Trainee: 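Have a look at this one before I ask anything.
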Amino acid sequence: MSGDRVELIRERLAALAPDNLVVEDESHLHAGHAGAQGGAGHYRVRIVAGCFKGLSPVARHRLVYDRLSDLMPHAIHALAIEAKSPAETTTQTSTAH
């Protein structure tokens, strides 16, 4: 079931035309958590997409949530989002030593 949800999240977020997309199921880190008892999972999304250029973090998160809203709270209980534009990843990579 977990793999199916990860794939479903990936499919939904493909509409944002990501340059890079990583979806991790972190449900095992929350075993026993009240929200996890109903079968809903905890996920982390790392996404780099051109559509985020010039948007605030809140606006970026809204774009992601808009694609996944019908999955909450039944399939997705918690969602951690790291959303960047391609320029932000290039800048961070080139300045790291």
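By convention here, the first residue in the shown sequence is residue 1. Owing to the predicted nature of the structure, the values given are computational and were not obtained by experimental measurement.
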Trainee: Taking all heavy atoms of Val23 and all of Arg10, pick out the closest pair and write down the distance.
Mentor: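 Taking Val23 first and Arg10 second, the nearest heavy atoms are CG2-CG, 3.6 Å.
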Trainee: Ignoring hydrogens, what is the shortest heavy-atom contact between Pro18 and Ala49? Give both atom names and the distance.
Mentor: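 Nearest pair, atom of Pro18 first, then Ala49: CA-CB, 3.9 Å.
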Trainee: When clusters are formed by joining ILVMFWY residues with side-chain heavy atoms under 4.5 Å apart, either directly or through shared neighbours, do Val6 and Val48 land in the same one?
Mentor: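 Not linked; separate clusters.
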Trainee: Run Arg5 and Asp25 through side-chain contact (heavy atoms from CB on, under 4.5 Å) and show every step you take.
Mentor: CA-CA 9 Å; Arg5 288 185 187 163; Asp25 183 349; over 6 Å; no
Trainee: Do Leu8 and Val22 share a hydrophobic cluster (ILVMFWY, side-chain heavy atoms under 4.5 Å, transitive)?
Mentor: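 Not linked; separate clusters.
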Trainee: Could you give the distance from CD1 (Ile9) to CG (Asp4), rounded to the nearest 0.5 Å?
Mentor: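 Ile9 atom CD1 to Asp4 atom CG measures 11.0 Å (nearest 0.5 Å).
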Trainee: Might you point out which heavy atoms bring Arg12 and Leu71 nearest each other, and give the distance in Å?
Mentor: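 What the structure gives for the nearest pair is NH1-CG, 3.8 Å.
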Trainee: Going from CZ on Phe52 to CG on Leu16, what distance comes out if it is rounded to the nearest 0.5 angstrom?
Mentor: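 Phe52 atom CZ to Leu16 atom CG measures 5.5 Å (nearest 0.5 Å).
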Trainee: State which residues pass side chain to side chain donor-acceptor pair (under 3.5 Å) with Arg44; sequence neighbours excluded, sorted by chain then number.
Mentor: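 So Arg44 forms a side chain to side chain donor-acceptor pair (under 3.5 Å) with Glu26, Glu82.
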Trainee: Using distance only, find each side-chain donor-acceptor pair of residues 61-69 under 3.5 Å and give its atom names and separation, not counting sequence neighbours.
Mentor:
from, atom 1, to, atom 2, distance (Å)
His61, NE2, Ile81, O, 3.4

Trainee: Main chain of His42, side chain of Ser27: is a donor-acceptor contact present, judged purely on distance under 3.5 Å?
Mentor: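 The answer is yes, because a donor-acceptor pair under 3.5 Å joins these two groups.
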